[in-house]
Amino acid sequence: MQVVRGIPELHALREKLPEPIGFVPTMGALHAGHAALVQRARSECASVVASIFVNPMQFGPQEDFTRYPRAFERDRELLETHGVDVVFTPEQSAMYPQKPTVKIDPGELGSYFEGASRPGHFAGVALVVLKLFHLVRPQQAFFGQKDAQQLAIIRRMVRDLSMPIEVVSCATVREPDGVALSSRNAYLSPAERRAAVNLSAALQRIAHALAAGQTDIRAVIASASETLAPLRCDYLGVVEPDAFVPLAAAPPRTSLLAVGAAFAGDTRLIDNVAVQTP
Ligand code: PAF
């Protein structure tokens, strides 16, 4: 496995990699969810490139950019164990030699839920993913279903900009109690970690109610939100996975996502559960 920090070095290596190239962008602090993305890329592509870059453009001024967990040696080992060929881990000055003035506006897809709670977040994600796609030029790129709104925005960006990349989504990896793996789970105290399960439980409750034929989403959410305490609710909602607009009524025979975000202490957790309405 080659570790590359500079863009010219990445360009030179990229030319020699057998295609198709699978790409797994990450911010590091890797866990079994990332390992699953790499394994999928390894099983489908001739070469696998991963990136580790904590992207300042996707963090708000009050968010956790400076304390975001960084664990390069452990990450390197995980990526090597899972057969990554190249790890691209650029300095901030290489990715952003100047403060970028060009903005990627994800439009309505980025305006609700995460987009409303974290203004500017998706513009920062779209910008860095677009840059990484230009640098790595993969044929396939692998993203976790846990960040479902991010996934929808990246799919749409790729389609709108006619990029020749297949966006592959991989199922959320969960702890045995149902908590979705996340690099931010490292912030949780033991009590917060125990409470974290309430988010996936609330989303499961919404999914079960919709699967059982309930259509009044407001009522379903009101009842499920009782499950969240002691977590502090940021939002619970139900969306079509490509649109991410809050629904008031569940349409019949439709694939939907129950989405949610909640705080365990200062740590913000997000998750989603898929449901098919009858
Ligand atoms: O999902 C993430 O880890 C990040 O948002 C991504 C896609 C690597 C962009 O920084």
Side-chain angles (χ1 to χ4, degrees), residues 24-40 52 54 58-59 63-65 67-71 74-75 78-79 81-82 113-114 117-118 121 125 142-152 168-211 220-239 241 244 255-276:
V24 181
T26 82
M27 297 207 300
L30 305 180
H31 49 66
H34 297 106
L37 300 180
V38 170
Q39 276 163 352
R40 176 88 180 269
I52 299 178
V54 185
Q58 68 187 76
F59 289 80
E63 293 187 348
D64 55 345
F65 172 67
R67 74 173 187 126
Y68 194 83
R70 288 154 173 94
R74 252 193 24 205
D75 292 347
L78 180 144
L79 295 175
T81 307
H82 290 90
F113 303 108
E114 288 303 288
S117 293
R118 304 183 66 188
H121 170 65
V125 170
F142 297 80
F143 293 87
Q145 174 62 34
K146 177 176 160 281
D147 295 301
Q149 195 171 7
Q150 164 175 287
L151 179 64
V168 181
S169 74
C170 300
T172 303
V173 178
R174 296 180 182 279
E175 300 280 5
D177 65 355
V179 170
L181 295 194
S182 162
S183 305
R184 289 190 169 96
N185 290 355
Y187 299 149
L188 299 173
S189 71
E192 289 165 350
R193 171 60 190 80
R194 281 193 296 279
V197 73
N198 295 356
L199 177 58
S200 55
L203 294 171
Q204 286 292 352
R205 230 169 118 167
I206 296 172
H208 284 143
L210 298 180
V220 167
I221 287 176
S223 140
S225 62
E226 290 164 14
T227 317
L228 278 180
L231 300 184
R232 189 161 48 84
C233 185
D234 183 351
Y235 62 76
L236 289 172
V238 176
V239 298
F244 262 87
S255 299
L256 299 174
L257 281 182
V259 297
F263 288 91
D266 291 336
T267 304
R268 193 165 172 282
L269 306 169
I270 70 169
D271 199 355
N272 63 85
V273 170
V275 57
Q276 175 72 33

Requested in this report: Check whether any side-chain heavy atom of Thr26 sits under 4.5 Å from a side-chain heavy atom of Leu30, and report yes or no.
Outcome: yes
Report task. Take Leu210 and Val238 through the test side-chain contact (heavy atoms from CB on, under 4.5 Å) and record every step on the way to the result. Result -> CA-CA 10 Å; Leu210 298 180; Val238 176; 3.8 Å; yes
Report task. Hey, could you give me each pair passing side-chain hydrogen bond (donor to acceptor under 3.5 Å, both in side chains) that has a residue in residues 193-204? Not counting sequence neighbours. Result -> Asp177-Arg193
Report task. First locate atom CG of Leu231, then atom OG of Ser225, and finally report the distance between them rounded to the nearest 0.5 Å. Result -> 11.5 Å
Query raised in the report: Partners of Asn185 by side-chain contact (heavy atoms from CB on, under 4.5 Å), sequence neighbours excluded?
Result: Val179, Ser182, Leu188, Leu269
Report summary line: Taking every heavy atom of Leu236 against every heavy atom of Gly260, the minimum-distance pair comes out as CD2-CA, 3.9 Å
Requested in this report: Look up atom CZ in Phe244 and atom CD in Gln150, then write down how far apart they are to the nearest 0.5 Å.
Outcome: 10.5 Å
Query raised in the report: Any salt bridge between Asp234 and Arg268, counting N to O under 4.0 Å?
Result: yes
Query raised in the report: Is there side-chain contact between Leu181 and Arg174, with heavy atoms separated by less than 4.5 Å?
Result: no
Requested in this report: Could you tell me which non-hydrogen atom of Ser183 sits nearest to which non-hydrogen atom of Gly28, and how far apart they are?
Outcome: OG-O, 3.6 Å
Query - Heavy-atom pair of closest approach, residues Asp271 and Gly178 - result: OD2-O, 4.5 Å
Query raised in the report: With a 4.5 Å limit on heavy-atom distance, are the side chains of Phe113 and Ile270 in contact?
Result: no
Query raised in the report: With side chains defined as the heavy atoms from C-beta onward, is the minimum distance between Ile52 and Met27 less than 4.5 Å?
Result: no
Report task. Specify the closest pair of heavy atoms between Ala180 and Lys146, including all atoms of both residues, with the distance to one decimal. Result -> CB-CD, 3.8 Å
**Report entry** side-chain hydrogen bond (donor to acceptor under 3.5 Å, both in side chains) against Gln145, all qualifying residues, sequence neighbours excluded
**Finding:** Asn272
Pairs under 3.5 angstrom only: tabulate donor-acceptor contacts from the side chains of residues 31-38 to other protein residues two or more places apart or in another chain.
{"from": "His31", "atom 1": "ND1", "to": "Gly33", "atom 2": "N", "distance (Å)": "3.0"}
{"from": "His34", "atom 1": "ND1", "to": "His31", "atom 2": "N", "distance (Å)": "3.0"}

Requested in this report: Taking all non-hydrogen atoms of both residues into account, name the closest pair between Ala29 and Asp75 and its distance.
Outcome: N-OD2, 2.9 Å
Query - Counterpart residues, side-chain contact (heavy atoms from CB on, under 4.5 Å), relative to Phe65 (two or more places apart) - result: Val54, Pro56, Phe59, Arg70, Gln92
Report task. Answer yes or no: is there a side-chain heavy-atom contact under 4.5 Å between Val24 and Phe143? Result -> no
Report task. Using atom types as modelled and distance alone, determine if a side-chain donor or acceptor of His82 lies under 3.5 Å from a backbone N or O of Gln39. Result -> no
**Report entry** Ser117 side chain vs Glu114 backbone, donor-acceptor pair below 3.5 Å
**Finding:** no
Requested in this report: Kindly determine whether Thr267 and Arg184 satisfy side-chain hydrogen bond (donor to acceptor under 3.5 Å, both in side chains), including the steps that lead there.
Outcome: CA-CA 7 Å; Thr267 304; Arg184 289 190 169 96; over 6 Å; no
Requested in this report: Name all residues meeting the side-chain hydrogen bond (donor to acceptor under 3.5 Å, both in side chains) criterion together with Glu63; count only those two or more places apart in sequence or in a different chain, and write none if there are none.
Outcome: Arg118
Query - Side chain to side chain, Phe142 and Cys170, heavy atoms closer than 4.5 Å - result: yes
Query - Nearest atoms (heavy-atom pairs only) where Leu257 meets Ala274 - result: CD2-CA, 3.7 Å
Query - Side-chain heavy atoms of Val168 within contact of Arg40, under 4.5 Å - result: yes
Report task. Using atom types as modelled and distance alone, determine if a side-chain donor or acceptor of Thr227 lies under 3.5 Å from a backbone N or O of Ala202. Result -> no
Query raised in the report: Under a 4.5 Å cut-off applied to non-hydrogen side-chain atoms, are Ile206 and Val273 in contact?
Result: no
